[in-house]
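Working notes, structure below.
Each chain gets a letter, A, B and so on, in the order its sequence line appears, and its residues count up from 1.
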Number of protein chains: 2
Amino acid sequence: MSRNEIAVLGYALLGLIQQRPSSGYDLRKIFTDTPMAGYSDSPGAIYPALRRLEEQGLVQGSIVAGAGLRRRKVLSITPAGLAELRKWLAGPIGQDDVGNHLNELMLRFAFLDGAAGEPATLRFLQAFEAELKLYLPTLKNFLSIHAEKLEVSGRLALECGILGYEAQLQWASRAITVYKNREKAQ
Amino acid sequence: MSRNEIAVLGYALLGLIQQRPSSGYDLRKIFTDTPMAGYSDSPGAIYPALRRLEEQGLVQGSIVAGAGLRRRKVLSITPAGLAELRKWLAGPIGQDDVGNHLNELMLRFAFLDGAAGEPATLRFLQAFEAELKLYLPTLKNFLSIHAEKLEVSGRLALECGILGYEAQLQWASRAITVYKNREKAQ
DNA sequence: CGATACATGTAAGAAGTTACATGATTGT
DNA sequence: ACAATCATGTAACTTCTTACATGTATCG
(Lines give C-alpha, C1' and ligand atoms only; values in the text may rest on other atoms or scores of the structure.)
Protein backbone atom coordinates (compact mmCIF):
# COMPACT_ATOMS: atom_id res chain seq x y z
CA MET A 1 0.00 0.00 0.00
CA SER A 2 1.87 3.06 -1.12
CA ARG A 3 1.27 6.54 0.17
CA ASN A 4 -2.28 7.76 -0.41
CA GLU A 5 -3.66 4.32 -1.12
CA ILE A 6 -6.29 2.95 1.20
CA ALA A 7 -6.26 -0.55 2.64
CA VAL A 8 -9.40 -2.69 2.68
CA LEU A 9 -9.92 -1.90 6.35
CA GLY A 10 -9.95 1.78 5.42
CA TYR A 11 -12.74 1.24 2.89
CA ALA A 12 -14.69 -0.87 5.36
CA LEU A 13 -14.52 2.01 7.85
CA LEU A 14 -15.32 4.60 5.21
CA GLY A 15 -18.37 2.63 4.09
CA LEU A 16 -19.68 2.21 7.62
CA ILE A 17 -19.13 5.90 8.39
CA GLN A 18 -21.03 6.75 5.23
CA GLN A 19 -23.98 4.69 6.48
CA ARG A 20 -23.98 6.63 9.75
CA PRO A 21 -21.44 8.87 11.53
CA SER A 22 -19.66 6.72 14.11
CA SER A 23 -16.92 6.73 16.71
CA GLY A 24 -13.98 4.35 16.64
CA TYR A 25 -15.65 2.42 19.41
CA ASP A 26 -18.91 2.06 17.46
CA LEU A 27 -16.98 0.72 14.49
CA ARG A 28 -15.01 -1.73 16.60
CA LYS A 29 -18.22 -3.14 17.98
CA ILE A 30 -19.54 -3.74 14.48
CA PHE A 31 -16.47 -5.80 13.73
CA THR A 32 -16.72 -7.81 16.94
CA ASP A 33 -20.48 -8.29 17.09
CA THR A 34 -21.55 -8.90 13.49
CA PRO A 35 -20.59 -11.35 10.75
CA MET A 36 -18.68 -8.42 9.29
CA ALA A 37 -15.93 -9.66 11.52
CA GLY A 38 -12.53 -10.41 10.10
CA TYR A 39 -11.65 -6.77 9.79
CA SER A 40 -9.61 -6.63 12.94
CA ASP A 41 -11.52 -5.31 15.90
CA SER A 42 -8.28 -4.20 17.48
CA PRO A 43 -7.82 -0.57 18.46
CA GLY A 44 -4.26 -0.79 17.20
CA ALA A 45 -5.63 -1.22 13.68
CA ILE A 46 -8.77 0.91 13.76
CA TYR A 47 -7.60 4.14 15.36
CA PRO A 48 -4.54 4.53 13.13
CA ALA A 49 -6.70 3.70 10.07
CA LEU A 50 -9.22 6.36 11.09
CA ARG A 51 -6.48 8.91 11.59
CA ARG A 52 -5.16 8.18 8.08
CA LEU A 53 -8.65 8.70 6.64
CA GLU A 54 -8.90 11.96 8.53
CA GLU A 55 -5.47 13.12 7.35
CA GLN A 56 -6.53 12.43 3.79
CA GLY A 57 -9.63 14.51 4.34
CA LEU A 58 -12.01 11.62 3.71
CA VAL A 59 -13.64 11.75 7.12
CA GLN A 60 -14.01 14.54 9.61
CA GLY A 61 -14.00 14.08 13.36
CA SER A 62 -15.91 16.11 15.86
CA ILE A 63 -15.52 15.61 19.57
CA VAL A 64 -18.73 15.02 21.41
CA ALA A 65 -18.14 15.75 25.09
CA GLY A 66 -21.63 14.37 25.56
CA ALA A 67 -23.52 12.40 28.06
CA GLY A 68 -20.99 12.07 30.84
CA LEU A 69 -18.70 9.32 29.61
CA ARG A 70 -15.27 9.92 28.29
CA ARG A 71 -15.23 12.14 25.22
CA ARG A 72 -16.23 10.48 21.93
CA LYS A 73 -14.83 11.43 18.59
CA VAL A 74 -17.55 10.95 15.99
CA LEU A 75 -16.39 10.66 12.39
CA SER A 76 -18.51 11.77 9.44
CA ILE A 77 -17.75 11.26 5.78
CA THR A 78 -16.72 14.30 3.74
CA PRO A 79 -17.62 14.94 0.09
CA ALA A 80 -14.08 13.84 -0.84
CA GLY A 81 -14.59 10.68 1.21
CA LEU A 82 -17.85 9.89 -0.52
CA ALA A 83 -16.19 10.40 -3.90
CA GLU A 84 -13.33 8.10 -2.93
CA LEU A 85 -15.76 5.47 -1.65
CA ARG A 86 -17.76 5.57 -4.86
CA LYS A 87 -14.61 5.30 -6.94
CA TRP A 88 -13.70 2.13 -5.05
CA LEU A 89 -17.22 0.74 -5.32
CA ALA A 90 -17.38 1.36 -9.07
CA GLY A 91 -13.90 -0.02 -9.82
CA PRO A 92 -13.45 -2.93 -12.23
CA ILE A 93 -13.72 -6.55 -11.14
CA GLY A 94 -10.83 -8.75 -12.19
CA GLN A 95 -9.97 -12.43 -12.19
CA ASP A 96 -7.77 -11.89 -9.17
CA ASP A 97 -10.61 -10.28 -7.18
CA VAL A 98 -12.90 -13.24 -7.77
CA GLY A 99 -10.20 -15.79 -7.06
CA ASN A 100 -8.45 -14.27 -4.09
CA HIS A 101 -10.37 -11.29 -2.75
CA LEU A 102 -13.97 -12.39 -2.61
CA ASN A 103 -14.37 -10.88 0.85
CA GLU A 104 -13.44 -7.50 -0.49
CA LEU A 105 -15.91 -7.85 -3.37
CA MET A 106 -18.71 -8.72 -0.94
CA LEU A 107 -17.75 -5.76 1.24
CA ARG A 108 -18.04 -3.52 -1.81
CA PHE A 109 -21.37 -5.03 -2.70
CA ALA A 110 -22.75 -4.50 0.78
CA PHE A 111 -22.13 -0.76 0.51
CA LEU A 112 -23.04 -0.30 -3.16
CA ASP A 113 -26.74 0.13 -2.88
CA GLY A 114 -26.68 2.81 -0.19
CA ALA A 115 -23.63 4.71 -1.40
CA ALA A 116 -23.78 4.49 -5.18
CA GLY A 117 -27.37 3.60 -6.06
CA GLU A 118 -29.15 0.72 -7.72
CA PRO A 119 -27.84 1.12 -11.28
CA ALA A 120 -24.26 0.89 -9.98
CA THR A 121 -25.23 -2.16 -7.92
CA LEU A 122 -26.67 -3.87 -10.98
CA ARG A 123 -23.54 -3.11 -13.01
CA PHE A 124 -21.42 -4.61 -10.24
CA LEU A 125 -23.49 -7.79 -10.16
CA GLN A 126 -23.31 -8.21 -13.91
CA ALA A 127 -19.54 -7.75 -13.91
CA PHE A 128 -19.26 -10.19 -11.00
CA GLU A 129 -21.39 -12.77 -12.79
CA ALA A 130 -19.38 -12.39 -15.98
CA GLU A 131 -16.08 -12.81 -14.15
CA LEU A 132 -17.35 -15.92 -12.33
CA LYS A 133 -18.42 -17.42 -15.65
CA LEU A 134 -14.87 -16.97 -16.90
CA TYR A 135 -13.18 -18.15 -13.73
CA LEU A 136 -15.15 -21.32 -13.05
CA PRO A 137 -14.14 -23.08 -16.29
CA THR A 138 -10.46 -22.34 -15.66
CA LEU A 139 -10.77 -23.89 -12.20
CA LYS A 140 -12.57 -26.95 -13.55
CA ASN A 141 -10.05 -27.26 -16.33
CA PHE A 142 -7.17 -27.12 -13.87
CA LEU A 143 -8.84 -29.83 -11.82
CA SER A 144 -9.40 -32.15 -14.76
CA ILE A 145 -5.80 -31.72 -15.96
CA HIS A 146 -4.20 -32.28 -12.57
CA ALA A 147 -6.72 -34.65 -10.95
CA GLU A 148 -4.47 -37.66 -11.20
CA LYS A 149 -1.40 -35.95 -9.81
CA LEU A 150 -3.21 -34.55 -6.80
CA GLU A 151 -3.77 -36.29 -3.51
CA VAL A 152 -7.36 -37.10 -2.64
CA SER A 153 -7.62 -34.25 -0.14
CA GLY A 154 -6.04 -31.77 -2.55
CA ARG A 155 -8.59 -32.73 -5.18
CA LEU A 156 -11.45 -32.42 -2.73
CA ALA A 157 -10.20 -29.01 -1.55
CA LEU A 158 -10.34 -27.76 -5.13
CA GLU A 159 -13.82 -29.19 -5.53
CA CYS A 160 -14.86 -27.34 -2.39
CA GLY A 161 -13.73 -24.10 -3.97
CA ILE A 162 -15.59 -24.89 -7.19
CA LEU A 163 -18.81 -25.65 -5.32
CA GLY A 164 -18.50 -22.37 -3.44
CA TYR A 165 -18.09 -20.40 -6.67
CA GLU A 166 -21.03 -22.21 -8.24
CA ALA A 167 -23.20 -21.23 -5.28
CA GLN A 168 -22.04 -17.64 -5.70
CA LEU A 169 -22.82 -17.68 -9.39
CA GLN A 170 -26.37 -18.80 -8.69
CA TRP A 171 -26.64 -16.13 -6.04
CA ALA A 172 -25.43 -13.46 -8.48
CA SER A 173 -28.00 -14.49 -11.08
CA ARG A 174 -30.75 -14.30 -8.49
CA ALA A 175 -29.56 -10.92 -7.22
CA ILE A 176 -29.50 -9.54 -10.77
CA THR A 177 -33.14 -10.55 -11.13
CA VAL A 178 -33.99 -8.79 -7.87
CA TYR A 179 -32.41 -5.53 -9.04
CA LYS A 180 -33.92 -5.74 -12.50
CA ASN A 181 -37.38 -6.14 -10.98
CA ARG A 182 -36.80 -3.16 -8.72
CA GLU A 183 -35.74 -1.15 -11.74
CA LYS A 184 -38.94 -2.01 -13.57
CA ALA A 185 -41.05 -1.31 -10.50
CA GLN A 186 -39.99 2.34 -10.46
CA MET B 1 2.92 -13.11 14.76
CA SER B 2 5.26 -13.33 17.69
CA ARG B 3 8.68 -14.90 17.61
CA ASN B 4 8.58 -18.62 16.83
CA GLU B 5 5.09 -18.49 15.46
CA ILE B 6 4.59 -19.26 11.82
CA ALA B 7 2.42 -17.22 9.47
CA VAL B 8 0.01 -18.94 7.10
CA LEU B 9 2.43 -18.43 4.22
CA GLY B 10 5.03 -20.34 6.25
CA TYR B 11 2.70 -23.31 6.63
CA ALA B 12 1.80 -23.20 2.93
CA LEU B 13 5.50 -23.40 2.09
CA LEU B 14 6.15 -26.10 4.68
CA GLY B 15 3.30 -28.20 3.31
CA LEU B 16 4.48 -27.88 -0.27
CA ILE B 17 8.06 -28.72 0.69
CA GLN B 18 6.76 -31.77 2.51
CA GLN B 19 5.07 -32.91 -0.69
CA ARG B 20 8.36 -32.59 -2.57
CA PRO B 21 11.66 -30.80 -1.89
CA SER B 22 11.57 -27.51 -3.76
CA SER B 23 13.46 -24.31 -4.41
CA GLY B 24 12.06 -20.88 -3.71
CA TYR B 25 11.51 -20.46 -7.41
CA ASP B 26 9.54 -23.73 -7.66
CA LEU B 27 7.31 -22.59 -4.82
CA ARG B 28 6.73 -19.16 -6.32
CA LYS B 29 5.58 -20.76 -9.55
CA ILE B 30 3.03 -22.83 -7.68
CA PHE B 31 1.57 -19.65 -6.25
CA THR B 32 1.49 -17.89 -9.61
CA ASP B 33 0.36 -20.78 -11.81
CA THR B 34 -2.21 -22.67 -9.75
CA PRO B 35 -5.44 -21.78 -7.98
CA MET B 36 -3.34 -21.94 -4.82
CA ALA B 37 -2.67 -18.34 -5.63
CA GLY B 38 -3.31 -15.69 -3.05
CA TYR B 39 -0.24 -16.60 -1.07
CA SER B 40 1.91 -13.84 -2.49
CA ASP B 41 4.13 -14.96 -5.29
CA SER B 42 6.54 -12.17 -4.48
CA PRO B 43 10.16 -12.99 -3.74
CA GLY B 44 10.08 -10.38 -0.99
CA ALA B 45 7.63 -12.57 0.91
CA ILE B 46 8.80 -16.06 -0.01
CA TYR B 47 12.56 -15.90 0.47
CA PRO B 48 12.38 -14.29 3.92
CA ALA B 49 9.70 -16.80 4.93
CA LEU B 50 11.89 -19.69 3.78
CA ARG B 51 14.84 -18.30 5.70
CA ARG B 52 12.72 -18.13 8.85
CA LEU B 53 11.70 -21.77 8.40
CA GLU B 54 15.33 -22.71 7.94
CA GLU B 55 16.42 -20.75 11.01
CA GLN B 56 13.79 -22.58 13.03
CA GLY B 57 15.17 -25.88 11.78
CA LEU B 58 11.93 -26.84 10.02
CA VAL B 59 13.44 -27.09 6.56
CA GLN B 60 16.97 -27.71 5.39
CA GLY B 61 18.51 -26.19 2.30
CA SER B 62 21.10 -27.75 0.07
CA ILE B 63 22.64 -25.93 -2.83
CA VAL B 64 22.42 -27.73 -6.12
CA ALA B 65 25.01 -26.25 -8.45
CA GLY B 66 23.32 -28.34 -11.12
CA ALA B 67 22.56 -28.24 -14.74
CA GLY B 68 24.23 -25.00 -15.79
CA LEU B 69 21.75 -22.37 -14.61
CA ARG B 70 22.32 -20.22 -11.62
CA ARG B 71 22.66 -22.20 -8.38
CA ARG B 72 19.42 -23.50 -6.86
CA LYS B 73 18.80 -23.93 -3.18
CA VAL B 74 16.52 -26.89 -2.70
CA LEU B 75 14.70 -27.11 0.62
CA SER B 76 13.63 -30.34 2.26
CA ILE B 77 11.47 -30.75 5.33
CA THR B 78 13.19 -31.90 8.54
CA PRO B 79 11.67 -34.20 11.18
CA ALA B 80 11.02 -31.09 13.31
CA GLY B 81 9.33 -29.47 10.34
CA LEU B 82 7.10 -32.48 9.75
CA ALA B 83 6.15 -32.47 13.44
CA GLU B 84 5.31 -28.76 13.29
CA LEU B 85 3.26 -29.22 10.13
CA ARG B 86 1.30 -32.09 11.68
CA LYS B 87 0.67 -30.05 14.81
CA TRP B 88 -0.83 -27.29 12.68
CA LEU B 89 -2.86 -29.74 10.59
CA ALA B 90 -4.29 -31.44 13.68
CA GLY B 91 -5.11 -28.24 15.56
CA PRO B 92 -8.67 -27.49 16.65
CA ILE B 93 -11.18 -25.79 14.38
CA GLY B 94 -12.96 -22.80 15.88
CA GLN B 95 -15.87 -20.55 15.01
CA ASP B 96 -13.41 -17.88 13.95
CA ASP B 97 -11.63 -20.22 11.52
CA VAL B 98 -14.88 -21.09 9.77
CA GLY B 99 -16.09 -17.51 9.69
CA ASN B 100 -12.92 -15.66 8.79
CA HIS B 101 -10.16 -18.03 7.82
CA LEU B 102 -11.76 -20.52 5.48
CA ASN B 103 -8.80 -20.27 3.11
CA GLU B 104 -6.46 -21.40 5.82
CA LEU B 105 -8.75 -24.33 6.69
CA MET B 106 -8.80 -25.45 3.06
CA LEU B 107 -5.04 -25.13 2.89
CA ARG B 108 -4.78 -27.39 5.92
CA PHE B 109 -7.19 -29.84 4.39
CA ALA B 110 -5.25 -30.01 1.13
CA PHE B 111 -2.14 -31.16 3.00
CA LEU B 112 -3.82 -33.40 5.57
CA ASP B 113 -4.10 -36.56 3.59
CA GLY B 114 -0.49 -36.72 2.48
CA ALA B 115 1.13 -35.39 5.66
CA ALA B 116 -1.03 -36.77 8.46
CA GLY B 117 -2.97 -39.67 7.01
CA GLU B 118 -6.58 -40.53 6.37
CA PRO B 119 -7.79 -40.86 9.98
CA ALA B 120 -6.58 -37.33 10.70
CA THR B 121 -8.26 -36.11 7.52
CA LEU B 122 -11.55 -37.66 8.57
CA ARG B 123 -11.30 -36.11 12.03
CA PHE B 124 -10.70 -32.72 10.42
CA LEU B 125 -13.73 -33.07 8.18
CA GLN B 126 -15.97 -34.08 11.05
CA ALA B 127 -14.79 -31.12 13.13
CA PHE B 128 -15.29 -28.82 10.14
CA GLU B 129 -18.81 -30.14 9.54
CA ALA B 130 -19.70 -29.75 13.21
CA GLU B 131 -18.44 -26.17 13.31
CA LEU B 132 -20.36 -25.27 10.14
CA LYS B 133 -23.53 -26.71 11.67
CA LEU B 134 -23.06 -24.38 14.61
CA TYR B 135 -22.08 -21.36 12.57
CA LEU B 136 -24.79 -21.42 9.91
CA PRO B 137 -27.70 -20.96 12.35
CA THR B 138 -26.00 -17.98 14.00
CA LEU B 139 -25.61 -16.36 10.58
CA LYS B 140 -29.22 -17.06 9.64
CA ASN B 141 -30.36 -15.81 13.00
CA PHE B 142 -28.41 -12.59 12.59
CA LEU B 143 -29.97 -12.11 9.17
CA SER B 144 -33.52 -12.64 10.40
CA ILE B 145 -33.01 -10.26 13.32
CA HIS B 146 -31.43 -7.48 11.27
CA ALA B 147 -33.09 -8.01 7.89
CA GLU B 148 -35.27 -4.94 8.20
CA LYS B 149 -32.49 -2.62 9.26
CA LEU B 150 -30.16 -3.65 6.44
CA GLU B 151 -30.07 -2.23 2.95
CA VAL B 152 -31.04 -4.58 0.15
CA SER B 153 -27.45 -5.12 -0.93
CA GLY B 154 -26.27 -5.70 2.64
CA ARG B 155 -28.94 -8.35 3.07
CA LEU B 156 -28.03 -10.00 -0.21
CA ALA B 157 -24.33 -9.99 0.71
CA LEU B 158 -25.14 -11.88 3.89
CA GLU B 159 -27.25 -14.34 1.91
CA CYS B 160 -24.33 -14.88 -0.42
CA GLY B 161 -22.20 -15.87 2.55
CA ILE B 162 -24.88 -18.20 3.84
CA LEU B 163 -25.22 -19.93 0.47
CA GLY B 164 -21.46 -20.39 0.31
CA TYR B 165 -21.38 -22.00 3.75
CA GLU B 166 -24.29 -24.26 2.83
CA ALA B 167 -22.42 -25.45 -0.24
CA GLN B 168 -19.39 -26.13 1.94
CA LEU B 169 -21.48 -28.07 4.42
CA GLN B 170 -22.78 -30.31 1.67
CA TRP B 171 -19.25 -30.74 0.39
CA ALA B 172 -18.02 -31.71 3.86
CA SER B 173 -20.73 -34.35 4.24
CA ARG B 174 -19.82 -35.81 0.87
CA ALA B 175 -16.12 -35.78 1.68
CA ILE B 176 -16.76 -37.57 4.97
CA THR B 177 -18.53 -40.31 3.05
CA VAL B 178 -15.57 -40.61 0.69
CA TYR B 179 -13.13 -41.07 3.56
CA LYS B 180 -15.35 -43.47 5.43
CA ASN B 181 -15.64 -45.66 2.35
CA ARG B 182 -11.87 -45.65 1.90
CA GLU B 183 -11.51 -46.66 5.54
CA LYS B 184 -13.82 -49.63 5.06
CA ALA B 185 -12.12 -50.59 1.79
CA GLN B 186 -8.82 -51.20 3.56
C1' DC C 1 21.59 -8.29 -29.28
C1' DG C 2 17.48 -8.09 -26.82
C1' DA C 3 13.78 -10.58 -24.61
C1' DT C 4 12.48 -14.22 -21.74
C1' DA C 5 12.91 -17.86 -18.36
C1' DC C 6 15.56 -19.38 -14.61
C1' DA C 7 17.04 -18.12 -9.79
C1' DT C 8 17.99 -15.66 -5.34
C1' DG C 9 17.99 -12.02 -2.73
C1' DT C 10 17.68 -6.95 -0.23
C1' DA C 11 15.68 -2.30 1.22
C1' DA C 12 12.14 0.94 2.39
C1' DG C 13 7.85 1.52 3.82
C1' DA C 14 2.87 0.29 4.95
C1' DA C 15 -0.26 -2.02 7.80
C1' DG C 16 -1.66 -5.36 11.15
C1' DT C 17 -1.11 -7.85 15.99
C1' DT C 18 -0.48 -7.89 20.82
C1' DA C 19 -0.02 -5.63 24.77
C1' DC C 20 -0.09 -1.71 27.35
C1' DA C 21 -1.68 3.06 29.09
C1' DT C 22 -5.26 6.10 30.40
C1' DG C 23 -9.46 7.59 32.07
C1' DA C 24 -14.74 8.13 33.17
C1' DT C 25 -19.03 5.96 34.64
C1' DT C 26 -22.15 2.40 36.31
C1' DG C 27 -23.46 -1.56 38.80
C1' DT C 28 -22.63 -4.82 42.80
C1' DA D 1 -13.69 -1.38 46.57
C1' DC D 2 -13.78 -3.69 42.26
C1' DA D 3 -15.28 -5.23 37.92
C1' DA D 4 -17.36 -4.18 33.65
C1' DT D 5 -18.39 -1.15 29.96
C1' DC D 6 -17.47 2.87 27.50
C1' DA D 7 -13.69 5.20 24.91
C1' DT D 8 -9.26 6.54 22.75
C1' DG D 9 -4.87 5.92 21.96
C1' DT D 10 0.53 4.38 21.65
C1' DA D 11 4.73 1.21 21.22
C1' DA D 12 7.18 -2.76 19.77
C1' DC D 13 7.28 -6.13 16.72
C1' DT D 14 6.17 -9.01 12.55
C1' DT D 15 4.99 -9.49 8.06
C1' DC D 16 3.84 -8.27 3.50
C1' DT D 17 4.24 -5.13 -0.74
C1' DT D 18 6.77 -2.83 -4.17
C1' DA D 19 10.71 -2.02 -6.30
C1' DC D 20 15.26 -2.85 -7.12
C1' DA D 21 19.80 -5.60 -7.68
C1' DT D 22 22.26 -9.42 -9.52
C1' DG D 23 23.47 -13.11 -12.43
C1' DT D 24 23.11 -17.27 -16.07
C1' DA D 25 21.28 -19.49 -20.16
C1' DT D 26 18.46 -19.94 -24.21
C1' DC D 27 15.88 -18.55 -28.17
C1' DG D 28 14.78 -15.74 -32.15
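Atom-to-atom, CG of B:L50 to P of C:dG9 comes out at 9 Å; the value is rounded to the nearest Å. Taking atom CD of A:E54 as the reference point, atom C1' of D:dT8 lies 13 Å away to the nearest angstrom. In this entry the distance linking CD1 of A:I46 with P of D:dT10 reads 14 Å, nearest Å. As a whole-Å value, the separation of B:L27 CG from C:dC6 P is 14 Å. The separation between B:E5 atom CD and C:dA19 atom P is 10 Å, rounded to whole Å. The distance between atom CG of B:D41 and atom P of D:dT15, rounded to the nearest whole Å, is 19 Å. When the C1' atom of D:dT8 is taken as reference, atom CZ of A:R71 falls 6 Å away, rounded to whole Å. Taking atom OH on A:Y47 and atom P on C:dA15, their separation rounds to 19 Å, with Å as the unit.
Comparing B:P43 and B:R52 by the nucleotide of DNA chain D that holds the closest heavy atom to each, the one mapping nearer the 5' end is B:R52. Mapping B:P48 and B:K29 onto DNA chain C via the closest heavy atom, the residue that lands nearer the 5' end is B:K29.
Here the nucleotide nearest the side chain of B:Y25, chosen from C:dT8, C:dA15, D:dT8, is C:dT8. The nucleotide whose nearest atom lies closest to any side-chain atom of B:A7 is, among D:dT15, C:dG9, C:dA19, D:dT15. Candidate nucleotides C:dT8, C:dG16, C:dT17 were compared by shortest atom distance to the side chain of A:S40, and C:dT17 ranks first.
Taking 4.0 Å as the cut-off between side-chain N and carboxylate O, B:E54 and B:R51 do not count as a salt-bridged pair. Salt-bridge formation is detected for the pair A:E129/A:K133: a Lys NZ or Arg NE/NH1/NH2 atom is positioned less than 4.0 Å from an Asp or Glu carboxylate oxygen.
Within 4.0 Å of B:R28, counting heavy atoms only, lies at least one base atom of the nucleic acid. When heavy atoms are screened at a 4.0 angstrom cut-off, B:G44 is found touching base atoms of the nucleic acid.
Phosphate proximity of D:dA25 to B:R72: absent, as no side-chain N or O sits under 4.0 Å from OP1 or OP2. Distances shown here put every side-chain N or O of B:S42 at or beyond 4.0 Å from the OP1 or OP2 atom of D:dC16. The side chain of A:R51 contributes no N or O atom lying less than 4.0 Å from OP1 or OP2 of D:dT8.
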Original post:
Can you list the steps and then say if B:E131 with B:D97 is a side chain to side chain contact (heavy atoms under 4.5 Å, CB included)?
Top reply: CA-CA 9 Å; B:E131 209 56 50; B:D97 296 309; over 6 Å; no
**OP:** For A:S23 and A:D26, run side-chain hydrogen bond (donor to acceptor under 3.5 Å, both in side chains): C-alpha distance rounded to whole Å, both residues' side-chain angles, the deciding distance at 0.1 Å, then the answer.
**Re:** CA-CA 5 Å; A:S23 68; A:D26 296 334; 3.1 Å; yes
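Formation of a donor-acceptor pair under 3.5 Å by the A:W171 side chain with backbone atoms of B:G161 is not found in this model.
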